[in-house]
Amino acid sequence: MTDLVKRLVPDEFWTLFRRVVQPTQVIRPQGGGRQRAGDRECLAAIIFVATSGCTWRQLPPVFGPAWPTVYRRFAQWSRERVRARLHRLVLDELGARGELDWSRCAIDSVSVRAVKGGLLTGPNPTDRGKAGSKIHLITDRNGVPLSLGISGANMHDSQGLEPLVRGIPPIRSRRGPRRRRSAKLHADKGYDYDHLRRWLRKRGIRHRIARKGIESSQRLGRHRWVVARTVSWLAGCRRLHRRYEREAEHFLAFVGIAAALICQRRLIE
């Protein structure tokens, strides 16, 4: 195993991944054949593609498996929603250690251009109507991503609030039962709708949403800057600068990988 594989997939992260994906043994009745490529090497290659932004064909041979093998493993894990289970597992570890702050959460979105089109894309009103996708996310007070989603770039931010809040999984706490609701949610004017305020109140979540024409969104900057910082952390995965995947689940998998890496860095600090 190369040093690059160990650096991209540290032992702590690999231990968590093994709790999500069990080792697969391929037994051929006739015997013989090539040995199956290791999951750790494939995972490291996928993380390299996500962070470097290179194409699958540009994957260097240092990882061992050829790029078609890595891509097939990536497609398989995307179908099996491994990224969601891994993200939830890392959140559970953070929650058990008391590293999540539920006192305030923030919601936001960011649009990226969809180079090849595909599902969950749409004309981006901020990019001259070119096809694009939008990444929606909710973070805790420290900027840890709790819930993620994607949509077409023409979908209004307000339509993503309810699915994102519902998408927060029950996360372990240091003391007491699992938790999935924040005490307060901060949002900009894109979420300024009374029906969203009523919906949040019914769920026991206080809201702080800037009002159009009444107050400036800048007043919420001292609480919402954490979600903007998390968006910049997501951009650290260069594969998210543009959407090259026609399959929506593949693009969402890269978003999930980026979120899991952010949580993992918090875990080992």
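Position 1 is the first residue of the sequence; numbering continues from there.
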Any sub-3.5 Å donor-acceptor pair from [X]'s side-chain atoms to [Y]'s backbone N or O?
| X | Y | result |
| --- | --- | --- |
| S151 | M155 | no |
| R113 | G132 | no |
| R208 | L185 | no |
| R85 | E80 | yes |
| R181 | R203 | yes |
| R73 | A37 | yes |
| R166 | P169 | no |
| D188 | G190 | yes |

Considering all heavy atoms, the nearest [X]-[Y] contact:
| X | Y | answer |
| --- | --- | --- |
| G143 | T230 | O-OG1, 2.6 Å |
| P145 | I262 | CD-CG2, 3.8 Å |
| P170 | D92 | O-OD1, 3.9 Å |
| R40 | D11 | NH2-OD1, 2.8 Å |
| P60 | F48 | CD-CE2, 3.5 Å |
| I150 | A248 | CD1-O, 3.5 Å |

Would you call [X] and [Y] a side-chain contact if the rule is heavy atoms closer than 4.5 Å?
| X | Y | value |
| --- | --- | --- |
| I107 | L137 | no |
| R174 | R97 | no |
| C263 | L91 | yes |
| W77 | R83 | no |
| R197 | D194 | yes |
| S182 | D140 | no |
| V165 | I138 | yes |
| L8 | F63 | yes |

Q | Steps toward side chain to side chain contact (heavy atoms under 4.5 Å, CB included) verdict (E93, E99) | A | CA-CA 9 Å; E93 291 293 325; E99 296 288 339; over 6 Å; no
Once rounded to the nearest 0.5 Å, what's the spacing between atom [atom1] of [X] and atom [atom2] of [Y]?
| X | Y | atom1 | atom2 | answer |
| --- | --- | --- | --- | --- |
| L120 | E249 | CG | CD | 10.5 Å |
| F251 | R246 | CZ | CZ | 15.0 Å |
| I135 | F254 | CD1 | CZ | 12.0 Å |
| T121 | K116 | OG1 | NZ | 13.5 Å |
| Q76 | C42 | CD | SG | 10.0 Å |
| L89 | F17 | CG | CZ | 11.0 Å |

Q) Using the ring of each side chain (for Trp, its six-membered ring), is F74 parallel, tilted or perpendicular to Y71, with breaks at 30° and 60°? A) tilted
Q. Mind checking whether Y244 and W56 have ring centres under 6.0 Å apart?
A. no
Could you tell me whether [X] atom [atom1] has more than 12 heavy atoms of other residues or ligands within 6.0 Å of it?
| X | atom1 | result |
| --- | --- | --- |
| R238 | CZ | no |
| R266 | CZ | yes |
| R229 | CZ | yes |

Q) Same cluster or not: are V255 and L119 linked, directly or through other Ile, Leu, Val, Met, Phe, Trp or Tyr residues, by side-chain heavy atoms under 4.5 angstrom apart? A) no
Q: Spell out, yes or no, whether V115 and L240 are grouped together once hydrophobic residues are joined by side-chain heavy atoms under 4.5 Å, including indirect joins.
A: no
Q | Exercise: do R243 and S133 side chains pair donor with acceptor under 3.5 Å | A | yes
Q) Step by step, would you call H207 with R201 a side chain to side chain contact (heavy atoms under 4.5 Å, CB included)? A) CA-CA 8 Å; H207 53 78; R201 282 196 295 267; 3.1 Å; yes
Q. What do the steps show when you test L100 against R141 for side chain to side chain contact (heavy atoms under 4.5 Å, CB included), and what is the final call?
A. CA-CA 8 Å; L100 297 179; R141 190 170 189 168; over 6 Å; no
Q: List for me each residue that meets salt bridge (Lys or Arg N to Asp or Glu O under 4.0 Å) alongside R18, sequence neighbours excluded, and say none if there are none.
A: D39
Q) Which is it for N124 and V112 under the side chain to side chain contact (heavy atoms under 4.5 Å, CB included) test, yes or no, and what are the steps along the way? A) CA-CA 9 Å; N124 188 348; V112 297; over 6 Å; no
Q. Under the criterion side chain to side chain donor-acceptor pair (under 3.5 Å), which of R104, R224, R206 is the partner of H186?
A. R104
